[in-house]
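To start, the structure itself, in structure tokens.
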Amino acid sequence: MKSINQDYTKKVVVHSSEEEWHTSPSDGVNRIYLERDNMSEYSKASSIVEFKANSSFDAHSHENGEEIFVLEGIFSDQTGHYPKGTYLRNPHNTAHAPFSKNGCKILVKLRQFDINDSQQVIINTCQAKWHRGLVPGLSVMPLHEYKSEHVALVKWDPCTVFNTHSHWGGEEIFVIDGVFFDEYGRYPKGTWIRSPHLSAHEPFTKNEGALIFVKTGHLL
């Protein structure tokens, strides 16, 4: 079966606005593939998933977990309704039946948890507290950590520069808003970047600033 972006020794950049939407087994639910180890419904995968209004996906369990960030609209399942900005972690062997009444768009990572990482997480990041970052103009909102894996939102004011640093265990970024930069390129809203173990860069913003979803230490 075909795989997508499975060489973890190389940097990958996906501009989702330029990617093709793919249908799913459920009517009204479409996906942009960021990475997949195969094309079955039981793949280890990262995707952007769009639920049209009044669409749903069949009930399913989460072998090795499911991680979600709501990008637009309101995502729902039998446990509740989750608006834009909600971060969710559904641990190994949990299950749900997702749907959206008015439509939504979510970033989804499937089957990528340590099975012992059993913490259920629901955070409305529009209401959670920001912390001062390591340099002026940077704010951080921790979302989850387990062993070497760290997950956070990072808010960049315009014209902020961070120190050159390397990524122990790799780094994964999704640009939620604004435009993010490093010495290798320009990454507008909707860009997904995966950088391998021990890669390095010097990130910055220009006049617009940026809001990014960041995971580190999980790609060893």
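In this text, all values refer to a predicted model and were calculated from it rather than measured experimentally.
Closest heavy-atom contact between Pro203 and Asp182: CA-CB, 4.0 Å. The two residues Met141 and Thr125 make their nearest non-hydrogen contact at CE-O, 3.2 Å. Shown here for Val154 and Val214, the closest heavy-atom pair between the two residues is CG2-CG2, 4.0 Å. For the pair Phe204 and Glu183, the tightest heavy-atom approach, listed with the atom from each and the gap, is CE2-N, 4.1 Å.
Annotation for Lys84: atom NZ does not count as buried by contact number, only 12 or fewer foreign heavy atoms lying within 6.0 Å. Atom CG of Asn163 has more than 12 heavy atoms from other residues, nucleotides or ligands within 6.0 Å. Heavy-atom neighbours of Leu198 CG from other residues, nucleotides or ligands within 6.0 Å: above the threshold of 12. In Asp27, the CG atom is not crowded: 12 or fewer heavy atoms of neighbouring residues, nucleotides or ligands sit closer than 6.0 Å.
Between His144 and His150, the distance separating the two ring centers is not shorter than 6.0 angstrom.
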Checking Gln112 against Ser46 for the side chain to side chain donor-acceptor pair (under 3.5 Å) test, could you report, in this order, the C-alpha distance in whole Å, the side-chain angles of both residues, the deciding distance, and whether it holds? CA-CA 9 Å; Gln112 298 178 42; Ser46 299; 3.2 Å; yes

Under the side chain to side chain donor-acceptor pair (under 3.5 Å) rule, what do Ser43 and Arg36 come out as? Steps first, then yes or no, please. CA-CA 6 Å; Ser43 62; Arg36 294 178 78 87; 3.0 Å; yes

Where do Phe181 and Glu208 land on the side-chain contact (heavy atoms from CB on, under 4.5 Å) test, with the steps shown first? CA-CA 11 Å; Phe181 293 83; Glu208 193 171 351; over 6 Å; no

Apply the test side chain to side chain donor-acceptor pair (under 3.5 Å) to residues Glu63 and Asn93: give CA-CA distance (whole Å), side-chain angles for both, the deciding distance (0.1 Å), then the verdict. CA-CA 5 Å; Glu63 183 183 73; Asn93 281 343; over 6 Å; no

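Aromatic ring pairs are classed by plane angle as parallel below 30°, tilted from 30° to 60° and perpendicular above 60°; the pair His22 and Tyr33 is parallel. Ring geometry for Tyr187 against His15 counts as parallel: the plane angle stays under 30°, on a 0 to 90° scale with 60° as the upper cut.
Cluster annotation: Val121 is connected to Phe69 through the hydrophobic network of ILVMFWY side chains, with a link wherever side-chain heavy atoms come within less than 4.5 Å. No continuous path of hydrophobic side-chain contacts links Val135 to Val161 [ILVMFWY only; heavy atoms under 4.5 Å]. No continuous path of ILVMFWY side-chain contacts below 4.5 Å connects Ile4 to Ile48, so the two sit in separate hydrophobic clusters. No path of Ile, Leu, Val, Met, Phe, Trp and Tyr side chains, each step under 4.5 Å between heavy atoms, connects Ile68 with Phe99, placing them in separate hydrophobic clusters. Criterion: ILVMFWY side-chain heavy atoms under 4.5 Å apart, direct or through other members. Under it, Ile122 and Val108 are part of a common hydrophobic cluster.
Between the OG1 atom in Thr86 and the CZ atom in Phe75 there is a gap of 10.0 Å [rounded to 0.5 Å].
Using a 4.0 Å cut-off between charged side-chain N and carboxylate O, Glu149 and Arg89 make a salt bridge. Here Lys44 does not pair with Glu35 in a salt bridge; the nearest charged N to carboxylate O distance is not below 4.0 Å.
Here the side chain of Asn5 pairs a donor or acceptor atom with the backbone of Leu34 at under 3.5 angstrom.
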